[in-house]
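Inspection log for the structure reproduced underneath, given as structure tokens.
The sequence lines fix the lettering, A, B, ..., with proteins before strands; numbering per chain opens at 1. As a basis for the values below, the full set of heavy atoms in this structure was taken, side chains included, without hydrogen atoms, waters or symmetry mates.
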There are 2 protein chains.
Amino acid sequence: MAKKTTIYDIAKELNITVSTVSRALNNISTISESTREAVLDMAKKLNYRPNKVASSLTSGKTYIIGVLLPSAQIQFFASVIHALEKYLKSFGYSILLYQTNESLESEKNGISTLLEAQVDGIIASLSLETEQDISHFEKVKEEGKPLIIFDRTHDDLQSPTVKINDEQAGYLATKHLLDKGYQRIAYITTKHKIKIFRERFEGYQRALQEAGIALKPSYALFGELNVEGGYEGAKQLLKLKDAPDAIIGGDDYVALGIIKALHEKGITPPAVGVIGFANQNFSEHIIPSLSTIDQQALQMGKECAKLFLKIIERSPSADKEIDPIILDPLLLARESTNRKTRS
Amino acid sequence: MAKKTTIYDIAKELNITVSTVSRALNNISTISESTREAVLDMAKKLNYRPNKVASSLTSGKTYIIGVLLPSAQIQFFASVIHALEKYLKSFGYSILLYQTNESLESEKNGISTLLEAQVDGIIASLSLETEQDISHFEKVKEEGKPLIIFDRTHDDLQSPTVKINDEQAGYLATKHLLDKGYQRIAYITTKHKIKIFRERFEGYQRALQEAGIALKPSYALFGELNVEGGYEGAKQLLKLKDAPDAIIGGDDYVALGIIKALHEKGITPPAVGVIGFANQNFSEHIIPSLSTIDQQALQMGKECAKLFLKIIERSPSADKEIDPIILDPLLLARESTNRKTRS
DNA sequence: CTGAAAGCGCTAACAA
DNA sequence: TTGTTAGCGCTTTCAG
């Protein structure tokens with residue numbers, strides 16, 4: 001492969017200087033139209049390709065933004081990645097991806113990696129393990145770089161956030177079941193102390209309280225957030241003397257596990273109501289279709305991107321507080337809860 | 001925020017030169033243990049963070065590898081991303097992501113973006129639109145950078161590839177249905193001329209031929225690769241006088257659509273057999289569970305990563321041919337095809 | 001084992 | 001409107 005062509009090559013061919021070339025290429029200030037065209041032509045002719053690494057070193061901007069999240073295999077996050085990349089790309093930004101796999105240590109390494117890569121900012125969602133220690137996130141801000149936290153946020157982290165109203169999500173799910181006439185409503189969620197799961201549970205409590213139904217401790221299960229967790233939890237619930245007539249799953253996978261356990265007992269929703277969270281792609285299509293609370297992943301990704309651009313483009317001095325962006329959860333009522341309402 | 005500390009700061013504090021600091025930090029050649037420790041201590045004390053952009057500019061290596069694929073929202077690709085990032089991270093590489101959204105133009109822009117970012121190599125899977133024009137991929141090789149194509153490969157592209165044996169995948173699916181006693185087997189796939197879909201279809205043909213069954217043109221449908229496509233296709237097939245007793249879906253979403261259409265007619269698999277491709281996460285959990293051909297997404301991602309490392313680490317002179325890596329498709333026989341075998 | 005110095009490709013004052 | 005000139009932070013010969 002031949003030597004790469006640089007702006008020096010263009011300058012030499014045209015008998016001008018590199019600064020002129022640079023200005024022409026970046027369409028900066030007042031460049032005579034003629035030289036601009038000449039430069040562009042020559043650039044094309046010489047197969048010039050700008051070296052962003054070099055320009056980053058001088059300008060201090062990489063136009064790369066770091067995305068740190070638990071796992072691209074979780075569909076919610078995949079959707080956020082999708083939306084982020086799609087939107088930011090149109091503003092000239094690229095996405096550098098780092099997965100924590102729900103590990104705090106990995107999360108810390110991720111922040112370091114992204115910071116060393118000189119990203120222009122970081123958009124992150126916390127790992128399940130992250131509880132007290134959030135010093136690594138503080139470092140991002142110490143370096144003066146925008147940090148946006150989405151979905152899995154943290155109380156002690158003073159950063160712009162984008163999330164849905166999780167308390168409302170839990171409330172909606174529970175209220176929906178109540179409206180459908182279910183009375184003995186159980187809840188299977190994660191044992192991890194992540195804020196959003198706690199909030200959803202609070203919404204569940206509020207809905208019950210409003211309906212004047214006492215919270216039964218045996219109806220609240222804390223296990224793993226996956227099919228297996230839902231399956232095991234549901235089996236346990238079905239053994240109760242006073243078995244629930246509806247079960248809320250911490251996410252759609254948990255709900256799937258619940259349905260599986262019911263199926264083994266010869267029960268098909270909505271005979272026992274089942275609802276999940278996340279609106280995974282399969283939820284709509286399984287039989288019976290699964291009621292769920294949509295988390296607005298795509299919308300959330302887009303809002304993160306917009307927020308990032310807003311922050312990056314304002315002057316650093318204008319350091320006024322940024323209001324958290326709270327999206328509304330969306331109840332998707334489908335067959336799995338569609339019991340005939342009592343009259 | 002205070003000025004960032006550089007190796008100059010460390011050098012000054014220690015009364016040594018930057019070259020020594022650089023050597024110590026990179027653990028290079030023969031550095032006296034004492035100065036190495038001193039440098040490391042001081043680096044920590046001053047909160048030093050290496051600037052990869054600067055080092056990339058001199059060394060010519062960014063330790064970033066570009067990943068170009070249709071969409072992170074397609075679970076197969078999300079899994080590949082997951083595996084790629086997970087594996088490459090342990091070798092110090094990061095992932096710069098670009099989605100083509102199945103558009104050729106976007107694919108071209110993606111290659112440019114990644115190249116400008118000076119990635120050390122590109123791992124890509126073609127968009128549905130990419131047919132004749134693959135000049136953008138040629139450019140990657142012209143720049144002397146490794147280019148690995150996975151899953152959606154292209155005949156004219158002389159690059160290392162990682163894929164599964166798609167012909168075999170199509171064959172396996174069809175053979176499985178035949179073994180289960182299905183005779184009138186239809187196939188709903190995409191209208192796009194992508195190699196892997198063509199190959200799967202060829203496997204379908206081979207299996208039928210082996211069984212001495214003539215290919216019925218009315219049984220081969222070419223539409224969209226999604227739930228809707230499967231639904232519409234199946235509805236059309238069910239109208240035939242000689243309706244099929246089994247339908248192969250071009251992917252699991254198509255299969256989902258097929259099941260939906262059957263459901264509307266009061267038919268539940270395996271009464272009519274249904275099988276898909278990809279083993280999407282929901283396939284195992286829907287009722288009835290969906291038979292499918294696993295594409296080994298995680299394995300594929302890992303093989304891509306390994307291949308990349310192998311290529312990048314060998315001397316550029318050792319330019320011997322790289323054999324394509326062909327993974328075996330995996331038949332996952334589940335309820336949707338589990339008809340009692342004829343005796 | 002360490003220092004001196006050049007330079008990676010580009011941007012951005014400051015001049016002209 | 002264009003040129004001159006420093007760097008950005010680091011690596012990497014070449015000397016010593």
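Judged by distance alone, with hydrogens and angles left aside, the side-chain atoms of A:Asp151 form no donor-acceptor pair with the main-chain N or O of A:Thr153 at under 3.5 Å. Checking side-chain atoms of B:Gln99 against main-chain N and O of B:Ser71 turns up no donor-acceptor pair under 3.5 Å.
B:Lys302 places none of its side-chain heavy atoms less than 4.5 Å from the side chain of B:Leu298.
For the pairing with B:Val119, the side chain to side chain contact (heavy atoms under 4.5 Å, CB included) check across B:Leu96, B:Ile95, B:Val67 returns one residue only, B:Leu96.
Atom-to-atom, CD1 of A:Ile10 to C1' of C:dG9 comes out at 12 Å; the value is rounded to the nearest Å. C:dT2 atom P lies 11 Å from atom CG of B:Leu14, rounded to whole Å. The CD-C1' distance, from A:Gln118 to C:dT11, rounds to 16 Å in whole Å. Whole-Å rounding puts the A:Tyr63 OH to C:dC10 P distance at 16 Å. Counting to the nearest Å, the C1' atom of C:dC10 and the NZ atom of A:Lys61 are 16 Å from each other.
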Annotated protein contacts, base or backbone, on nucleotides 8-16 of chain D with a non-hydrogen cut-off under 4.0 Å, one of B, S, - each = BBBBBB---

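Using a 4.0 Å cut-off between a side-chain N of Lys or Arg and a carboxylate O of Asp or Glu, B:Arg152 and B:Glu102 qualify as a salt bridge.
Annotation: ring pair (Phe, Tyr, Trp, His ring centres under 6.0 Å) contacts involving residues 83-123 of chain A, sequence neighbours excluded, comprise A:Tyr63-A:Tyr93, A:Tyr87-A:Phe91, A:Tyr93-A:Phe308.
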